[in-house]
Amino acid sequence: MSSEKEPIALASNFIRAIVEKDLEQHKFARKKWVGSPGDAAHQAMGQVDAAKIRTRFPPEPNGYLHIGHAKSIFLNFGLARDYGGICHLRFDDTNPEKENQEYVDSITEMVHWLGFGWQNGKENNLYFASNYFDFMYRAAESLIENGHAYVDSQTADEMRMNRGTLTEPGKNSPDRDRSIAENLQLFREMRAGKHADGSLVLRAKIDMASPNINMRDPAIYRVRRAHHHNTGDTWCIYPMYTFAHPIEDALEQITHSICTLEFEDQRPFYDWLLERLAEANLLAHPLPHQYEFARLNLTYVVLSKRKLIDLVEGKHVNGWDDPRLPTLAGARRRGYVAEGFKLFTDRIGVSKADSWIEYTILEDCMREVLNEASERRIAVLDPIKLVIDNYADNKTEDCFAPNHPQKPELGKRTVPLTKELWIEREDFEETPPKGFFRLMPDGMVRLRYGYVVKCTGFEKDAAGQITTVRCEYLPDTKSGTAGADAIKVKGNIHWVSAAHAYAAEVRLYDRLFKEAHPGEGDRDYINDLNPNSVKTITAQLEPSLKDAKPEDRFQFERHGYFVADRKDSVAGKPVFNRTVTLRDAWQK
RNA sequence: UGGGGAGUCGCCAAGUUGGUUAAGGCACUGGGUUUUGAUCCCAGCAUCCGAAGGUUCGAGUCCUUCCUCCUCAGCCA
């Protein structure tokens, strides 16, 4: 045992530290859970919660998930998994005007894709905030009854005027001292549809002079006649995030409610609300707590919902799953893998410091898992002919290529060698730069898995472009034979038999933006788009690639990792996307 | 100029209640292995923790002052 390597410790972060401390202090030892969300009375019928902690991933279904969400997903689901807890997937759908089923579907699909689920035994922990509207309404009436909320008839403009500024206190609303009875009646009328949209709003009664603007009587319910994707036309009043979110957490017995930094100022209200509802015996202690971490910023991409929408609607990309987009749907089509995102989130950590993660970190993570997982194949992306003059005209010979250099158990496959081959344009230089060790006039190079050849000449077209390279092979040097190493060459190039090659559409993706910080300063981020973010080519691939299925991944040797596009591939005619290039120490 | 946060190596990020030579990853630089200029391996990489003072036998960790950045004035989330 002692000689065993220590398991690599999980990267520590302040949230894990909080969880560990809470667990150590048995903070949730008496928290009950009946098996479904509900108020104090409901949960009181249950047993002590078997889940040591409960977290939640609470997206609003008003857009597509992106890489930033992956950080939150791995954090929340990962914490639950690591500490014997459960993580809920909860749709925070309190604004009917922005949300719809299409987003709900794509979000559940992507969370699954990342490797997480919400079915825990008999318990299905998939929830909708909109299913709590009844309780929220009750909670609002309770606040009114206890003098903690009032109905305000000021217009939105008046409210803004009276809110004060960052440095000046606000002014009390003329309606602030309305009687409880009148508030109750008005709020019930709001619910009954007797008041126009925007005419009345329910506000928490806290302190218009608070230095924290979020505590200056925040609006908690508004009148809005809109069809809700889940509750239809049942309601014409909807709770605000500020009010709804803490309640959602409490009903679900969440222990650690983790969100991003911009909600820090909201935490005092979060606590205030839950305390008031606990005083009213609607909720029981221990109450959930909110913790904030820094959101992800990635260089060379944009992650704001608005900008992503602009890119799609402005046709700068082809839809939400364009492989260049940092959406999870796009990343998946690009060939990125869930394990790569897991590695990435482990690697970047969690803290409260604003930071910009270099995009190459993400790419390296993908390379790392893809290197391990991908079989090798041969592809010539920019083909020129190589003719072996001393090779028989119609001879075909088998060469054996390992499917993975570090995994012999994956076996070998045969690739046909003939007189005429496709090789990479960049593998031949008429006048080689210093340090170049591939094909050059009179130079020798190995045809990977085949013979050593010696260059004897080349041909150019009218434009001066090289079209064909001529060579002679050394018969005793075939890979795998005794004489293979008789002649040592440094260069080793890949090739595909011209007679057998599969000419395929291949998309070479590059970063979407040419600037590390798109739109920084007074630049328009649209002007920072990389005009060459995709290049579609016809490449010559080894014959076996013709049978690739959608989402099959390969390393095209010396080029990078590629995936058969899940949308555009047809049986017998796969199309490939370049996920990421190989690292290249040979600076061009 | 009010409130709330954050500032540790190029990029991230550990640093318990102050205690000996400031983790780790990525990047980078050397060297080795290699029929991918890939992978892999080995070595190197902050006398310094935003700045300046102070307390202490001893401070990234405590105190004071200052600087920089982020964030809040939706009937969005």
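Lettering follows sequence order; numbering is per chain, from 1.
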**Q** A:L261 or A:E97: which one's nearest nucleotide on RNA chain B is closer to the 5' end?
**A**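 Nearest nucleotide further toward 5': that of A:L261.
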
**Q** Would you please confirm or rule out a distance under 4.0 Å between OP1 or OP2 of B:C76 and any side-chain N or O of A:R306?
**A**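 False: A:R306 side-chain N/O out of range (4.0 Å or more) of B:C76 OP1/OP2.
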
**Q** Could you tell me whether the side chain of A:D265 has a donor or acceptor atom within less than 3.5 Å of a complementary atom in the base of B:G3?
**A**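 Side chain to base: pair present.
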
**Q** Once side-chain hydrogen bond (donor to acceptor under 3.5 Å, both in side chains) is applied, do any residues pair with A:Q154, and if so which ones, sequence neighbours excluded?
**A**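 So A:Q154 forms a side-chain hydrogen bond (donor to acceptor under 3.5 Å, both in side chains) with A:D152, A:N162, A:S173.
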
**Q** Tell me whether the side-chain N or O atoms of A:R583 pair up with the base of B:U39 as donor and acceptor below 3.5 Å, since no angle test is needed here.
**A**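 Checked by distance alone, the answer is no.
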
**Q** What residues in residues 151-159 of chain A put a non-hydrogen atom under 4.0 Å from any atom of RNA chain B?
**A**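 Within residues 151-159 of chain A, the residues near RNA chain B are A:Q154, A:T155, A:A156, A:M159.
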
**Q** Work out how far the P atom of B:A77 is from that of B:A73, and round it to whole angstrom.
**A**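 My reading of the P atoms in B:A77 and B:A73 gives 13 Å.
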
**Q** Of the nucleotides B:A77, B:G37, B:U36, which one has an atom closest to the side chain of A:F436?
**A**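 So the nucleotide nearest the side chain must be B:G37.
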
**Q** According to a strict under-4.0 Å criterion, is A:S351 in side-chain N/O contact with OP1 or OP2 of B:A13?
**A**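 So the side chain of A:S351 is within the cut-off, an N or O lying under 4.0 Å from OP1 or OP2 of B:A13.
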
**Q** Taking only Lys NZ, Arg NE, NH1 and NH2, and the carboxylate oxygens of Asp or Glu, determine whether A:R347 and A:E368 approach each other closer than 4.0 Å.
**A**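 A salt bridge is present here (some side-chain N lies under 4.0 Å from a carboxylate O).
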
**Q** Would you say A:R558 places a side-chain N or O within less than 4.0 Å of OP1 or OP2 belonging to B:G37?
**A**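 Answer is yes, contact under 4.0 Å.
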
**Q** So that I can tick it off, tell me whether A:R558 and A:E424 are bridged by a salt bridge, with the cut-off set at under 4.0 angstrom between side-chain N and carboxylate O.
**A**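 Between A:R558 and A:E424 there is no salt bridge, as every charged N stays at least 4.0 Å from the carboxylate O atoms.
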
**Q** So what does A:P58 hit on the nucleic acid, given a heavy-atom distance under 4.0 Å: a base, only sugar-phosphate, or nothing?
**A**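 Result for A:P58 = nothing.
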
**Q** State yes or no: are the ring centers of A:Y103 and A:F91 separated by less than 6.0 Å?
**A**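 No.
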
**Q** Check every strand shown and say whether A:V223 touches a base, only sugar-phosphate, or nothing at a heavy-atom separation below 4.0 Å.
**A**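 Since no nucleic acid heavy atom lies under 4.0 Å of A:V223, the category is nothing.
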
**Q** Would A:Y300 and A:Y359 count as a close aromatic pair, with their ring centres under 6.0 Å?
**A**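 No: the rings miss the under 6.0 Å criterion.
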
**Q** Between A:R188 and A:E141, is there a salt bridge with N-O shorter than 4.0 Å?
**A**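 A:R188 and A:E141: salt-bridged.
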
**Q** Is A:M240 touching bases, backbone alone, or none of the nucleic acid, heavy atoms closer than 4.0 Å?
**A**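 Contact class for A:M240: sugar-phosphate only.
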
**Q** Taking only heavy atoms on the protein side, list every residue of residues 352-370 of chain A lying under 4.0 Å from any atom of RNA chain B, sorted numerically.
**A**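 Contacting residues: A:K352, A:A353, A:D354, A:S355, A:W356, A:I357, A:E358, A:I361, A:D364.
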
**Q** Give a yes/no verdict on base stacking between B:G37 and A:W586: centres under 5.5 Å, planes within less than 30° of parallel.
**A**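 Here A:W586 meets both the 5.5 Å and the 30° conditions.
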
**Q** Mark yes or no for a side-chain to base donor-acceptor pair under 3.5 Å between A:Q406 and B:U39, with no hydrogen or angle criteria applied.
**A**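 Check passes, donor-acceptor contact within cut-off.
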
**Q** Mind checking who B:G37 pairs with, Watson-Crick or G-U wobble, both distances under 3.5 Å?
**A**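 Here B:G37 is not engaged in any pair, so there is no nucleotide opposite it.
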
**Q** Hey, does the side-chain of A:E372 have a donor or acceptor N/O within less than 3.5 Å of a partner on the base of B:U39?
**A**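 No pair found.
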
**Q** Find which nucleotide of RNA chain B each of A:Y561 and A:R267 is nearest to by heavy atoms, and output the residue with the more 5' nucleotide.
**A**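 Whichever sits nearer the 5' end wins; that is A:R267.
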
**Q** Would you mind checking if A:K307 and A:D310 are paired as a salt bridge, meaning a charged N to carboxylate O distance below 4.0 Å?
**A**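 No.
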
